[in-house]
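These numbers come from the heavy atoms of this one structure, side chains and all, not from hydrogens, waters or symmetry mates. In what follows, chains carry the letters A, B, and so on, assigned in the order in which the sequence lines appear, proteins first and then strands, with residues in each chain numbered from 1.
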2 protein chains.
Amino acid sequence: MRSLLKIGELAHHTGCPVETIRYYEREGLLDPPLRSRGNFRLYDQKHTERLNFIRHCRSLDMTLSETRTLLKFRDVPEDSCLEVNALLDKHIGHVVERIAELSALQNELNELRSKCGGVQTTRNCGILQGLSGSDVSMPKNLGSHGGGCH
Amino acid sequence: MRSLLKIGELAHHTGCPVETIRYYEREGLLDPPLRSRGNFRLYDQKHTERLNFIRHCRSLDMTLSETRTLLKFRDVPEDSCLEVNALLDKHIGHVVERIAELSALQNELNELRSKCGGVQTTRNCGILQGLSGSDVSMPKNLGSHGGGCH
DNA sequence: TAAAACCTTGTAGCTACTACAGAGTCAAGC
DNA sequence: GCTTGACTCTGTAGTAGCTACAAGGTTTTA
């Protein structure tokens, strides 16, 4: 009989914070585990594998929604995996697109940067002047500094 | 005497949604404008310029916090703009870093993708097997699919 | 037996908006 | 003068994926 892990132990084994494990359970990505008499969560090997799967997806920057989809495929071993391939292709597409966007951004930023050497007053700073121009074109992916690509 | 704009007109002029303009005011990026008798916001030319500045910063993927900082510099025209340059350099650094991360991600994803041609059952799908591995290394910037780099 | 380390639920916060609900205002047409 | 429709107001809740508490219960160790 395999040993059951308390949430802190599972966290330690997987490198996933305790709070995040509980969050995944709330979100339905992890099944509710057994409970001890004192109401502590007790995880088995399957939970550990599933959590590793989830974390691997997340480390590849997939959304929880994509991850959920992949877990569903994983739960039906006889199905064709065509859709798994399609999902991954789409995800790779997002990443490629985001790289292109950021590269364009980098060019714009470098150009802006070249407008001032830092020896001006802010009144004459080419950067601030550049930012004051009204030719603003908004990219689609705004606002969430922190990492994504979707 | 210049004409004053209602919020919808300002939105139209700047391409910034009405709700976002009100949000910037709440966040202290835009000064509260005059009000009409009926309590409608009335914006002058300075508001328009400031909003364009903000939107330009955002289009370059700067955070509102960075934008706030740049606005402060802009408000003190006699100061040196060394810090403006520093802020921009830092921001460019973030973008470069994020591009590197996403490129690494792209490599990993391509490798994973090559493990299956979609002709398997999910049980034998190389992609799902690859995702089941426990060698998970989490990048720093997780979770916000949508655009950032900080 | 007491303290420390762990666990529980529930809630609020983070970014930068976006999307309502429910009410008030204003201009044009009849 | 009245109605209709477009606009505006405030306030609140939702988005993604956690993270960080508070206030309490459990287990382990000294």
Side-chain angles (χ1 to χ4, degrees), chain A residues 4-12 14-30 32-43 51 54-55 57-69 91 94 98 138-150, chain B residues 4-12 14-30 32-43 51 54-69 94 98 138-150:
Chain A
L4 297 175
L5 304 178
K6 282 191 287 181
I7 197 166
E9 296 164 333
L10 179 60
H12 189 76
T14 58
C16 176
V18 166
E19 319 267 20
T20 304
I21 297 173
R22 283 196 283 249
Y23 171 72
Y24 290 158
E25 183 183 330
R26 270 203 308 285
E27 289 298 303
L29 288 130
L30 281 177
L34 290 175
R35 296 286 183 135
S36 72
R37 270 186 216 164
N39 200 32
F40 287 11
R41 289 173 177 82
L42 296 177
Y43 295 95
L51 180 53
I54 295 168
R55 293 302 273 179
C57 290
R58 295 291 301 124
S59 81
L60 294 173
D61 218 15
M62 294 177 195
T63 60
L64 288 190
S65 166
E66 287 170 326
T67 304
R68 219 183 305 265
T69 303
H91 182 58
H94 289 316
R98 187 57 186 155
M138 272 332 225
K140 295 158 224 164
N141 285 322
L142 267 183
S144 60
H145 290 245
C149 58
H150 284 249
Chain B
L4 297 174
L5 303 177
K6 283 192 287 181
I7 197 166
E9 295 164 334
L10 179 60
H12 188 77
T14 57
C16 177
V18 166
E19 319 267 21
T20 304
I21 296 173
R22 283 195 284 249
Y23 171 73
Y24 290 158
E25 182 183 329
R26 271 203 307 287
E27 289 299 303
L29 288 131
L30 281 176
L34 289 175
R35 296 286 183 134
S36 71
R37 270 184 215 167
N39 201 32
F40 287 11
R41 288 172 177 81
L42 296 176
Y43 296 95
L51 180 54
I54 294 169
R55 293 302 274 179
H56 207 145
C57 290
R58 294 290 301 122
S59 80
L60 294 173
D61 219 12
M62 294 178 195
T63 61
L64 287 189
S65 167
E66 287 170 326
T67 303
R68 222 184 303 267
T69 304
H94 289 316
R98 187 57 187 155
M138 269 337 222
K140 295 158 224 161
N141 285 323
L142 268 185
S144 59
H145 289 246
C149 59
H150 284 251

So does A:Arg58 get a side-chain nitrogen or oxygen closer than 4.0 Å to the phosphate oxygens (OP1/OP2) of D:dC18? yes

Could you check how far CG of B:Leu60 sits from C1' of C:dA16, rounded to whole Å? 16 Å

Could you tell me which residues satisfy side-chain contact (heavy atoms from CB on, under 4.5 Å) with B:Arg37, sequence neighbours excluded, listed by chain and number? none

For A:Glu25, what residues pass the salt bridge (Lys or Arg N to Asp or Glu O under 4.0 Å) criterion, not counting sequence neighbours? A:Arg41

Rounded to whole Å, please give me the gap between CD in A:Glu9 and P in D:dT26. 18 Å

Taking A:Arg55 for its side chain and A:Ser59 for its backbone only, find out whether a donor-acceptor pair lies under 3.5 Å. no

Using the salt bridge (Lys or Arg N to Asp or Glu O under 4.0 Å) criterion, which residues pair with A:Glu19? Sequence neighbours excluded. A:Arg22

Take the protein atom OH of A:Tyr23 and the nucleotide atom C1' of D:dT15, then report the distance between them rounded to whole Å. 10 Å

Nearest-Å distance for atom pair CD1/P, residues B:Ile21 and C:dA16: 18 Å

Whole-Å distance separating the CG atom of A:Leu29 from the C1' atom of D:dA16: 12 Å

Sub-3.5 Å donor-acceptor pair from the side chain of B:Thr14 to the main-chain atoms of B:Leu10, do we have one? yes

Minimal heavy-atom distance between B:Pro17 and B:Ala11, with the atoms involved, is C-CB, 4.4 Å

Has B:Arg55 got a side-chain N or O lying under 4.0 Å from the OP1 or OP2 atom of C:dC17? yes

Think A:Thr20 has a side-chain N or O under 4.0 angstrom from the OP1 or OP2 of D:dT19? yes

Test side-chain contact (heavy atoms from CB on, under 4.5 Å) applied to B:Leu42 - qualifying residues, sequence neighbours left out: B:Leu4, B:Lys6, B:Leu34, B:Ser36

To the nearest angstrom, the CG-P distance between B:Leu10 and D:dC9 comes to 11 Å

Going by the rule side-chain contact (heavy atoms from CB on, under 4.5 Å), which residues pair with B:Ser65 if we only count those two or more places apart in sequence or in a different chain? B:Thr63

How would you list, by chain and number, every residue that makes a side-chain contact (heavy atoms from CB on, under 4.5 Å) with A:Arg68, sequence neighbours excluded? A:Glu27, A:Leu29, A:Leu64

Could you check B:Lys6 against B:Arg68 and say which one's nearest nucleotide on DNA chain C is further toward the 5' end? B:Arg68

Could you tell me how far apart B:Leu30 (CG) and C:dA16 (C1') are, to the nearest whole angstrom? 14 Å

Between the two end axes of the helix from C:dT1-D:dA30 to C:dC30-D:dG1, each built from 5 base pairs, what angle do you get to the nearest 10°? 30°

Give the rounded distance in Å between these two atoms: CD of B:Glu27 and C1' of C:dT15. 9 Å

Write out a two-atom table: protein N or O, nucleotide N or O from nucleotides 8-12 of chain C, distance below 3.5 Å.
| from | atom 1 | to | atom 2 | distance (Å) |
| --- | --- | --- | --- | --- |
| C:dT8 | OP1 | A:Arg41 | N | 2.7 |
| C:dT8 | OP1 | A:Arg41 | NH1 | 3.1 |
| C:dT8 | OP2 | A:Arg22 | NH1 | 2.8 |
| C:dT8 | OP2 | A:Arg41 | NH1 | 3.3 |
| C:dT8 | O3' | A:Arg35 | NH1 | 3.4 |
| C:dT9 | OP1 | A:Arg35 | NH1 | 3.4 |
| C:dT9 | OP1 | A:Arg35 | NH2 | 3.0 |
| C:dT9 | OP2 | A:Arg41 | NH1 | 3.0 |
| C:dT9 | OP2 | A:Arg41 | NH2 | 2.8 |

Quick check on C:dC17: is either OP1 or OP2 less than 4.0 Å from any side-chain nitrogen or oxygen of B:Tyr24? yes

